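These values consider heavy atoms only, across backbone and side chains, with no hydrogens, waters or symmetry-generated copies. Predicted model only: the values in this text are computed from it and were never measured.
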Amino acid sequence: MARTAIPGRLTKRTGWWVARLVDRRDETATAGTLVLEVPDWPGHLPGQHVDLRLTAEDGYQAARSYSISAPADGDRIEVTVQRVPDGEVSPYLLDGLSVGDQIEVRGPVGGYFIWRVTDPAPVLLVGGGSGIAPLMAMIRARRAAGSRVPFRLIYSVRSERDVYFADELRRRSRDDRGLDVAYVYTRQVPEGLSGQAHRVAVADVNTHGWPAQLEPVNFVCGPTGFVEAVSDILVALGHHPRRIKTERFGPTG
């Protein structure tokens with residue numbers, strides 16, 4: 001897509017906001033985080049997402065939804081984008097958008113897949129690949145609020161080099177009291193670790209999750225097949241479906 005052209009300042013009455021890219025960070029070789037400044041941003045809850053829209057010079061528009069990966073911070077939001085091969089929007093966001101450029105934002109969106117810092121229940125987060133993004137917003141919000149609610153994260157990735165927020169997760173698992181992080185590698189297990197590459201299984205959730213008797217809130221985010229498989233495991237382990245919140249992406253067939 002050609003460079004973005006935004007005709008005039010949009011307002012919240014149109015449903016779209018004008019945002020400016022103020023920073024960007026690489027997360028993996030194929031993903032990055034965009035830090036956007038959105039004047040008069042109303043705030044958001046951890047787990048919500050936004051729509052980003054690009055407008056070409058000929059008027060053609062394309063929009064995609066992305067989870068917000070950080071808690072509310074004034075007029076700034078962070079979205080983490082995975083490059084989709086031959087994609088229409090993600091390659092431009094990661095390779096064509098420069099600091100200072102503008103983009104249109106709509107949101108925040110979503111009222112179901114959210115964690116509230118006032119909820120005292122233990123939390124299990126299960127993320128597959130880029131599905132870690134909204135879960136990271138919850139982890140960061142917990143820290144920012146000084147919450148003592150116990151969190152456990154099970155993060156499924158292909159290999160060690162595919163881990164988003166790798167340094168931060170390493171630091172938080174060490175310094176954030178009450179946060180436990182476990183990884184499941186589906187293609188290549190890091191050198192020095194025992195076990196074979198595998199998909200998230202009952203043993204992983206049973207070992208690194210919470211017993212159903214504690215009535216935790218379970219957040220599962222990732223590709224459709226991943227989310228369905230993990231949800232089935234949680235139900236099989238006795239968790240009530242109402243306490244399993246899911247967010248999925250990708251084809252549903």
Straight-line distance of L36 CG to L21 CG, nearest 0.5 Å: 6.0 Å
Is there a path of hydrophobic side-chain contacts, each under 4.5 Å between heavy atoms of I, L, V, M, F, W or Y residues, that connects V123 with Y183? yes
Can you tell me if E104 and T55 form a side-chain donor-acceptor pair at under 3.5 Å? yes
Between the CZ atom in R172 and the CG atom in D180, the distance rounded to the nearest 0.5 Å is 14.5 Å
Which atom pair, heavy atoms only, marks the closest approach of L94 to T30? CD1-O, 4.0 Å
Backbone of D101 reached by a side-chain donor or acceptor of S98 within 3.5 Å: no
For E78, all residues meeting side-chain hydrogen bond (donor to acceptor under 3.5 Å, both in side chains), sequence neighbours excluded: R25
Which heavy atom of H44 sits nearest a heavy atom of I68, and at what distance? NE2-CG2, 3.4 Å
Applying side-chain hydrogen bond (donor to acceptor under 3.5 Å, both in side chains), can you list everything that pairs with Q188, at least two apart in sequence or on another chain? R161
Answer with yes or no whether the hydrophobic clustering places F249 together with V109; edges join I, L, V, M, F, W, Y residues whose side-chain heavy atoms lie under 4.5 Å apart. no
Below 4.5 Å, heavy atoms only, C-beta onward: do D204 and H198 meet side chain to side chain? yes
Taking the side chain as every heavy atom from C-beta outward, state whether E215 and H240 have any pair of such atoms under 4.5 Å apart. no
Show, in sequence, the C-alpha distance, side-chain angles and deciding distance for V81 and E27, and conclude whether the side chain to side chain contact (heavy atoms under 4.5 Å, CB included) test is met. CA-CA 9 Å; V81 178; E27 301 296 348; over 6 Å; no
Does G87 offer a backbone N or O that forms a donor-acceptor pair with the side chain of S90 under 3.5 Å? no
Over all atoms of both residues, closest heavy-atom pair of D162 and Y155: O-OH, 3.9 Å
Just distance, no hydrogens or angles: give the donor-acceptor pairs under 3.5 Å from side chains in residues 132-142, sequence neighbours left out.
{"residue": "R140", "atom": "NE", "partner": "E168", "partner atom": "OE1", "Å": "3.4"}
{"residue": "R140", "atom": "NE", "partner": "E168", "partner atom": "OE2", "Å": "2.9"}
{"residue": "R140", "atom": "NH1", "partner": "S69", "partner atom": "O", "Å": "2.7"}
{"residue": "R140", "atom": "NH2", "partner": "E168", "partner atom": "OE1", "Å": "2.5"}
{"residue": "R142", "atom": "NE", "partner": "V149", "partner atom": "O", "Å": "2.6"}
{"residue": "R142", "atom": "NH1", "partner": "R177", "partner atom": "O", "Å": "3.4"}
{"residue": "R142", "atom": "NH2", "partner": "V149", "partner atom": "O", "Å": "3.2"}
{"residue": "R142", "atom": "NH2", "partner": "R177", "partner atom": "O", "Å": "2.6"}

All pairs passing side-chain hydrogen bond (donor to acceptor under 3.5 Å, both in side chains) where residues 112-136 contributes a residue, at least two apart: Q82-S130
Applying side-chain hydrogen bond (donor to acceptor under 3.5 Å, both in side chains), name anything that partners D58, two or more places apart in sequence or on another chain. none
Starting at CG of L125, measure out to CD1 of I154 and round the result to the nearest 0.5 Å. 9.5 Å
Once rounded to the nearest 0.5 Å, what's the spacing between atom CZ of R243 and atom CZ of F219? 9.5 Å
Is there a donor-acceptor pair closer than 3.5 Å between any side-chain N or O of R148 and the backbone N or O of P120? no
Step-by-step side chain to side chain contact (heavy atoms under 4.5 Å, CB included) determination, R106 to R53: CA-CA 8 Å; R106 180 170 61 189; R53 184 169 70 179; 5.9 Å; no
Decide yes or no on side chain to side chain contact (heavy atoms under 4.5 Å, CB included) for V50 and W41, but give the supporting numbers first. CA-CA 12 Å; V50 293; W41 182 247; 3.8 Å; yes
So which heavy atom on L52 is nearest to which on W16, and how close? C-CZ3, 4.3 Å
Strictly by modelled atom types, are S65 and D51 linked by a side-chain donor-acceptor pair under 3.5 Å? yes
Do F113 and V117 share a hydrophobic cluster (ILVMFWY, side-chain heavy atoms under 4.5 Å, transitive)? yes
Say you draw a straight line from CZ of F226 to OG of S156; how long is it, rounded to the nearest 0.5 Å? 5.0 Å
In one Ile/Leu/Val/Met/Phe/Trp/Tyr side-chain cluster, 4.5 Å: V202, W210: yes
Side-chain contact test, heavy atoms from C-beta onward, threshold under 4.5 Å: evaluate it for D40 versus W17 and give yes or no. yes
Heavy-atom check, side chain of F151 versus side chain of L124, under 4.5 Å: no
Applying side chain to side chain contact (heavy atoms under 4.5 Å, CB included) to V181 and L153, what does each step give before you reach the verdict? CA-CA 5 Å; V181 180; L153 168 67; 4.0 Å; yes
How close do A212 and L237 get, counting heavy atoms only, and between which atoms? CB-O, 3.7 Å
Joint cluster assignment, V84 & V89, ILVMFWY side-chain distance < 4.5 Å: no
Check whether any side-chain heavy atom of I114 lies under 4.5 Å from a side-chain heavy atom of Q48, and answer yes or no. yes
R76 meets the side-chain hydrogen bond (donor to acceptor under 3.5 Å, both in side chains) criterion, sequence neighbours left out, with none
Heavy-atom closest contact (E247 atom, V227 atom, distance): O-CG2, 3.5 Å
Hey, are the side chains of R248 and V220 touching, using non-hydrogen atoms and a 4.5 Å cut-off? no
Nearest 0.5 angstrom please: N218 CG to I244 CD1, how far? 5.5 Å
